K.L.:
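What follows is a structure written as structure tokens; I'll ask about it next.
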Amino acid sequence: MTYLRMTGITKYYPGVVANDGVDFEVEEGEIHALVGENGAGKSTLMKILYGMEKADAGQIYLRGELVHIPNPQAAIRLGIDMVHQHFELVPSMTVAENVALGHEPRRGLFVDRAAMIERVRALSEQFGLRVDPAAVVADLSVGEQQRVEILKLLYRDARLLILDEPSAVLTPQEVDDLFAVLRRLVAEGRTAILITHKLREVMAVCDRATVLRRGRVVGTVRVSETQPETIARMMVGRELEVVRRTTAQPPGEPVLVVHNLHVRDDRDLPAVRGVSFTVHAGEIVGLAGVEGNGQRELVDALVGLRAVESGEVVLAHQPVTEAGNRRRRALGMAIIPEDRTRQGLSAPSTLTENLVATRYHRPPFSRGGVLALRPMRLFAQQAIRQFDIRVRGPNVRVRTLSGGNAQKVVVARELAETPRVLIAAQPTRGLDVGATQFVHEELLRLRQVGTGILLISADLDELLALADRLLVIFEGQLVGEMTPETATRERLGLLMAGRGVAAELERVAQG
Amino acid sequence: MDLVNLAAATLRISTPLLMVGMAGLLSYQVGLINIALEGMMLGGAFAGVVIGYELGSTWLGVLGAALIGAVLGALFALAVITLRANLIVSGLALNFLAVGGTAYLMDILYDQSGTLAPQGLQKLPTVQLPLIHDIPTVGRILSGHSPLVYVSWVLVPLTAIFLYRTVVGGHIRAVGEHAEAARTAGISVRRMQYLALILGGAMCGLAGAHLSLGDLPLFRERMTNDRGFIALAAVYFAAARPGWTALACLLFGFFEALQFRLQLQKTSIPNEFLQMLPYLMVVLALVVISARKEWRKGW
Ligand SMILES: Nc1ncnc2c1ncn2[C@@H]1O[C@H](COP(=O)(O)OP(=O)(O)OP(=O)(O)O)[C@@H](O)[C@H]1O
Ligand SMILES: [Mg+2]
């Protein structure tokens, strides 16, 4: 039976049609994948369903009945609930407070804390979503935050669950756990819509998939009767090949040497604890790890945005442990930061301004301290062409770009001049298959011409396909090193989860 | 120097700061920087005298002050939330409006300028705290103040309980810390912001009433004397935690009381320097606190 039917949904943003007459149907009790390129309009369609955006045209039917969803309250009342692409949690509040937010059990004017904690604990146990109701959200790992988001939906007794790219930041094991929970919820008679860029996930858990491209529906397919390549072709409109490191090439001279580095995090706790490694020219070193195990602090220290406690960083034979970001860039370092909205881009600034942000202070963009606008514009136009950034022009504000296009702006800026060392942190997070392929090709091109690359990623497929060498970080320490030939997803996953030693022992025990 | 007097004066001087501090804290917690505290307080001070005089009741004056404060808070909310005016510019505008508006009304209503001290308007009675009043030193410090002094003491824990224990208080904090998270949980961000600004406005009005009715029953132009900004500094100093905010207000009150006394003692320190002292201490405290926070971050 059709649970949800959206017909003729149209949504205009200034200059873009995000949804263009979208017809979308979901059966009761299925897991329905919603896939498509960056900017295809997936989040927009779901935000309309959740009452966060108002459609310019179109109707929504729930179990055949026409419904109006002016705001999230209304959606929640109808049993529609959503886990957002960016988690929506209040960091200083506890797990229970976040789960119950907006729907707290009351005693008069007051929150009935005991009842609240008890209900959250019961739900957490019932669905195997392990998380301490009394813990403060700021202290949680990303995987735990994900569980809190799902608990929220269960607490509000959602019947239709929307998950917008829920797996982007999880370990392989966490993804498996998440999907196990999802299957269970659906078996209980709930319905789910899953937005993802990973075809592996579509094939693994979804019953049907609807593909969007440029705001329109390309088609809906039954997953069991379809090849992943077919879905990929529907998404991007062309054949895609998997990008892989092909030739082994002998590593060149060391370009980035890190020795016994210790770094503290914002709360002054040790985050990086004695990390040493070397990146050679023409080599991609992959750093695998679950988010929050010191990667952010390590990257910040490497690029000169955070003071190190002790240890040494040598860049192109120059000691730079104390050097600022500009000096490191002058020595040939380029950076693709993990959080493009926070560190990589200035959202209210234009494309041009963002593209020259690392070079405006030198010729030809600066002439005696005065900005030269014409060279800047030419540079931007060149970058837009070369990196195929889909925008109306160099003067649009970066805020309005979709995730994929925004990431292309960062990549274009950082790779415009061939760097000696590239620090690439989660460079394809949230990117669609086409854009991911593009970034992968760029990384391999740089490797070919002798750039030393540190690739920090939570995506094992990416690491296995690109890296010459793999390091695994757990709680601020390197807990494993291997080549892609000797690595498997399972082994990496266990090391990332800090169960490396136990797993090795098990292997020994089993002979 | 009479230490008992100094302590009692500290409490009196801190009273409006505590009230306005809690108001500033509410708007901080809902995610809005409220620089209009000053204007709301001034409006309340004026309304207290006018309403108290016209209705012949000081208590009704206090009530009216809170009411006018709340109305000003609602106007401010209308401007910045519904009409999306700039927060800082609207705040400044409201402050100017309060200064000009009170002077103008004083002129057309009572044909007065500078000071308005209507005949027959009583100041608020002093309160003798039972039992405590009879304890020797403590009694002289804690007892015998205007009732609003005690109201300000109750206001601090009340604000804390409201924010951290009630359903609505939790929603206010969620909105201030992560508006999008609150919105996706089905909370109306606007409603919470209106509520915080209106409640804060009422507290500012009360603070104004303390100034104009607590001691001498009169209104003077600009009599709030930048207390709104001092209270705002206290909120930041304390990262909007109620207890610490109150402490910061008391600290400022103490140095203000101290400098008054030093001026009377005719020391060799110039008066201008003494008047600067409380502000200097606030700035110093702020610098020390943020320096400690930034220490580790390096560049
Ligand atoms: N608030 C906004 N203002 C202007 N344009 C917007 C806004 N939100 C989205 N858009 C545009 O609408 C289009 C669809 O965006 P949407 O976020 O729905 O894409 P998506 O399919 O979720 O992409 P991704 O996979 O990158 O998350 C994009 O072109 C985007 O730039
Ligand atoms: Mg999206």
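Per chain, numbering begins at 1; letters A, B, ... match sequence-line order. What's counted below: heavy atoms across the whole structure, side chains too, no hydrogens, waters or symmetry copies. All figures in this text were calculated on a predicted structure; none of them were measured in a lab.
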K.L.:
Measure the spacing between OG1 of B:Thr184 and CD1 of A:Ile76 and express it to the nearest 0.5 Å.
P.N.:
7.5 Å

K.L.:
In terms of heavy-atom pairs under 4.5 Å with chain A, which of B:Ile187, B:Ile161, B:Thr166 leads?
P.N.:
B:Thr166

K.L.:
With a 4.5 angstrom heavy-atom cut-off, which part of A:Phe87 approaches chain B: side chain, backbone, both or neither?
P.N.:
backbone

K.L.:
Name the option with the most non-hydrogen atom pairs under 4.5 Å to chain B; the candidates are A:Arg107, A:Arg77, A:Met82, A:Arg113.
P.N.:
A:Arg113

K.L.:
Can you confirm whether more than 12 heavy atoms, excluding those of B:Trp244, are under 6.0 Å from its CH2 atom?
P.N.:
no

K.L.:
Looking only at non-hydrogen atoms, find the nearest pair between A:Leu89 and B:His178 and report the distance.
P.N.:
O-CD2, 2.9 Å

K.L.:
Is there a side-chain contact between A:Gln73 and B:Arg183 (heavy atoms, below 4.5 Å)?
P.N.:
no

K.L.:
Tell me, yes or no, whether the heavy-atom count around B:Leu83 atom CG, taken from other residues, nucleotides or ligands under 6.0 Å, exceeds 12.
P.N.:
yes

K.L.:
Where do A:Leu101 and B:Ala182 come nearest, in terms of heavy atoms and distance?
P.N.:
CD2-CA, 4.2 Å

K.L.:
Of the non-hydrogen atoms in A:Pro91 and B:Glu177, which two are nearest, and what is the gap between them?
P.N.:
CD-OE2, 3.1 Å

K.L.:
Within a 6.0 Å radius of atom CZ on B:Phe96, are there more than 12 heavy atoms belonging to other residues, nucleotides or ligands?
P.N.:
no

K.L.:
Does any donor atom in the side chain of B:Glu180 or A:His84 lie under 3.5 Å from an acceptor atom in the other side chain?
P.N.:
no

K.L.:
Which one, A:Gly102, A:Ala75, A:Gly51, leads in non-hydrogen pairs under 4.5 Å with chain B?
P.N.:
A:Gly102

K.L.:
Distance check, rounded to the nearest 0.5 Å: B:Phe162 atom CZ versus A:Phe110 atom CZ?
P.N.:
10.5 Å

